[in-house]
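Here's the structure we're looking at; comments come further down.
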Amino acid sequence: MDRGGATGTRAGRERAPPLRKGGGRRPPRVFGGQVAAQAMVAAGRTVPEDRTAHSLHSYFLRAGDPGAPIVYAVDRIRDGRSFTTRRVVAVQHGQPIFHLSASFQTYEEGLDHQSAMPDAPDPETLPTAAEALPAYREIFRDPGTVERLIEARGAVDLRYATVPPWGSVGRPVEPRSQVWFRTAGKLESDDALLHTCLATYVSDMTLLDSVLLAHGRGGWAVGDVVGASLDHAMWFHRPFRADEWLLYDQESPSAAAGRGLGQARIWTQDGRLAVTVIQEGVVRVPRA
């Protein structure tokens with residue numbers, strides 16, 4: 001991945017292409033994880049190579065148009081001795097659709113402790129999306145949903161370790177969800193920024209599942225809720241590779257006022273706490 005600086009002394013601009021138009025019906029809006037990941041790419045390209053991301057805080061402002069390019073404007077907020085801060089605004093049609101602040105740090109030794117990794121089944125024993133999703137075809141309101149979900153996750157091997165929301169429709173269960181994920185193939189690059197951006201992309205896929213589980217709702221594809229991500233924050237604690245199995249352990253402590261909160265931790269398969277994630281989203285029951 002190119003880590004070269006963007007143009008200008010205060011701000012740089014990265015232009016991301018629109019989503020490809022093949023593979024059936026175009027999605028109604030750009031996937032939030034894509035915008036967040038591309039914003040991190042833009043920020044990271046203006047940062048010295050010896051500094052890795054340790055946190056990001058972001059807001060989804062408007063729905064992205066999947067048929068138009070996205071321009072990422074990077075402000076160089078601060079370059080300190082240990083920390084570098086960047087602000088990124090994603091713009092479409094002359095309006096901001098996403099705002100991100102990211103902080104990067106040089107490596108240093110310090111106090112070290114972590115929580116214990118939760119129990120989870122071996123990812124290799126779990127069905128892939130292509131194996132699991134067809135069983136739920138009758139639950140989705142659109143018969144083409146299965147194929148679109150499989151295609152959308154073609155670059156990511158994501159396997160549910162617990163029941164997905166569409167598997168417990170009408171039956172509220174514990175507001176907790178677990179998935180294992182990794183890229184569908186081995187990555188040649190060891191660049192920490194690349195692996196960070198890929199984890200950022202995946203982190204927006206399932207984080208609000210636990211909100212839906214608490215109320216027996218199947219989700220957007222089932223049609224019993226409508227919603228969108230509002231804000232998203234991540235803290236990167238320890239090195240990891242996105243092409244090796246990562247456990248995404250998610251729960252929801254609260255849902256109120258048309259919003260649901262999801263919080264999660266991402267663990268390496270050998271038990272290291274790699275990332276903490278928190279997201280709030282709009283979660284509404286559609287009117288009849």
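Just so you know, these numbers use all the heavy atoms, side chains as well, and skip hydrogens, waters and symmetry mates.
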Do [X] and [Y] belong together in a cluster built from hydrophobic side chains that touch within less than 4.5 Å?
| X | Y | value |
| --- | --- | --- |
| V146 | I139 | yes |
| V156 | V35 | yes |
| F181 | L208 | no |
| L246 | V202 | yes |
| I278 | L207 | no |

- Task: Under the ring-ring contact (aromatic ring centres under 6.0 Å, His included) rule, collect the residues that match up with F98, sequence neighbours excluded.
- Result: F60
- Query: Taking only residues two or more places apart in sequence or in another chain, which ones pass ring-ring contact (aromatic ring centres under 6.0 Å, His included) with F83?
  - Reply: H54
Please give me the minimum heavy-atom distance between [X] and [Y], naming the atom from each residue.
| X | Y | result |
| --- | --- | --- |
| C197 | A37 | O-CB, 3.3 Å |
| S252 | L261 | OG-O, 2.7 Å |
| V277 | S203 | CG1-CB, 4.4 Å |
| A184 | G154 | CB-O, 3.5 Å |
| M117 | G271 | SD-CA, 3.4 Å |
| P172 | A214 | CB-O, 3.3 Å |

Out of curiosity, [X] [atom1] to [Y] [atom2], how far, rounded to the nearest 0.5 Å?
| X | Y | atom1 | atom2 | value |
| --- | --- | --- | --- | --- |
| H113 | L111 | NE2 | CG | 9.0 Å |
| T145 | W166 | OG1 | CH2 | 10.0 Å |
| F104 | L193 | CZ | CG | 6.5 Å |
| D249 | Q263 | CG | CD | 10.0 Å |
| R259 | L230 | CZ | CG | 7.5 Å |
| E49 | T106 | CD | OG1 | 14.5 Å |

Test of understanding: with side-chain hydrogen bond (donor to acceptor under 3.5 Å, both in side chains), list the residues that count as partners of [X], not counting sequence neighbours.
| X | value |
| --- | --- |
| T268 | D270 |
| T125 | none |
| E147 | R137 |

- Would you sort out whether Q250 and V179 count as a side chain to side chain contact (heavy atoms under 4.5 Å, CB included), showing the intermediate values? CA-CA 8 Å; Q250 307 149 92; V179 297; 3.8 Å; yes
- Message: Which residues pass the side chain to side chain contact (heavy atoms under 4.5 Å, CB included) test with A130, not counting sequence neighbours?
- Response: T128, I150
- Item | Those residues that, when tested against Q92, pass side chain to side chain contact (heavy atoms under 4.5 Å, CB included) (two or more places apart) | D65, A68, I70, I97
- Under the side chain to side chain contact (heavy atoms under 4.5 Å, CB included) criterion, do L212 and V283 qualify, and how do the steps go? CA-CA 8 Å; L212 305 178; V283 182; 4.1 Å; yes
- Query: For atom CD of E188, is the number of surrounding heavy atoms from other residues, nucleotides or ligands below 6.0 Å larger than 12?
  - Reply: no
- Got a sec: does the OH of Y136 have more than 12 other heavy atoms crowding it under 6.0 Å? yes
Between [X] (side chain) and [Y] (backbone), is there a donor-acceptor pair under 3.5 Å?
| X | Y | result |
| --- | --- | --- |
| Q279 | A264 | no |
| R86 | T46 | yes |
| T162 | Q178 | yes |
| R217 | V222 | no |
| D231 | E280 | yes |
| R238 | L273 | yes |
| R87 | D75 | no |
| R159 | L126 | yes |

- Item | Audit row: K186, D243, salt bridge (Lys or Arg N to Asp or Glu O under 4.0 Å) steps and yes/no | CA-CA 6 Å; K186 193 68 176 177; D243 56 0; 3.7 Å; yes
Going by salt bridge (charged side-chain N to carboxylate O under 4.0 Å, His left out), name the residues that satisfy it together with [X], two or more places apart in sequence or in a different chain.
| X | answer |
| --- | --- |
| R284 | none |
| R78 | none |
| D190 | R241 |

Are any non-hydrogen side-chain atoms of [X] and [Y] less than 4.5 angstrom apart?
| X | Y | result |
| --- | --- | --- |
| S229 | D204 | yes |
| Q95 | L61 | no |
| S115 | W267 | yes |
| Y160 | D209 | yes |

- Task: Sequence neighbours left out, what pairs pass ring-ring contact (aromatic ring centres under 6.0 Å, His included) with at least one residue falling in residues 201-260?
- Result: F31-Y201, H57-W235
- Message: Please determine whether side chain to side chain contact (heavy atoms under 4.5 Å, CB included) holds for the pair V41 and Y72, giving the CA-CA distance in whole Å, both sets of side-chain angles, and the decisive distance to 0.1 Å.
- Response: CA-CA 10 Å; V41 172; Y72 295 90; over 6 Å; no
- Note on the structure: Excluding V163, membership of its hydrophobic cluster (Ile, Leu, Val, Met, Phe, Trp, Tyr; side-chain heavy atoms within less than 4.5 Å) reads V173, L213
- Task: Take Q269 and D122 through the side chain to side chain contact (heavy atoms under 4.5 Å, CB included) test and state the conclusion after the steps.
- Result: CA-CA 9 Å; Q269 195 170 11; D122 185 336; 4.3 Å; yes
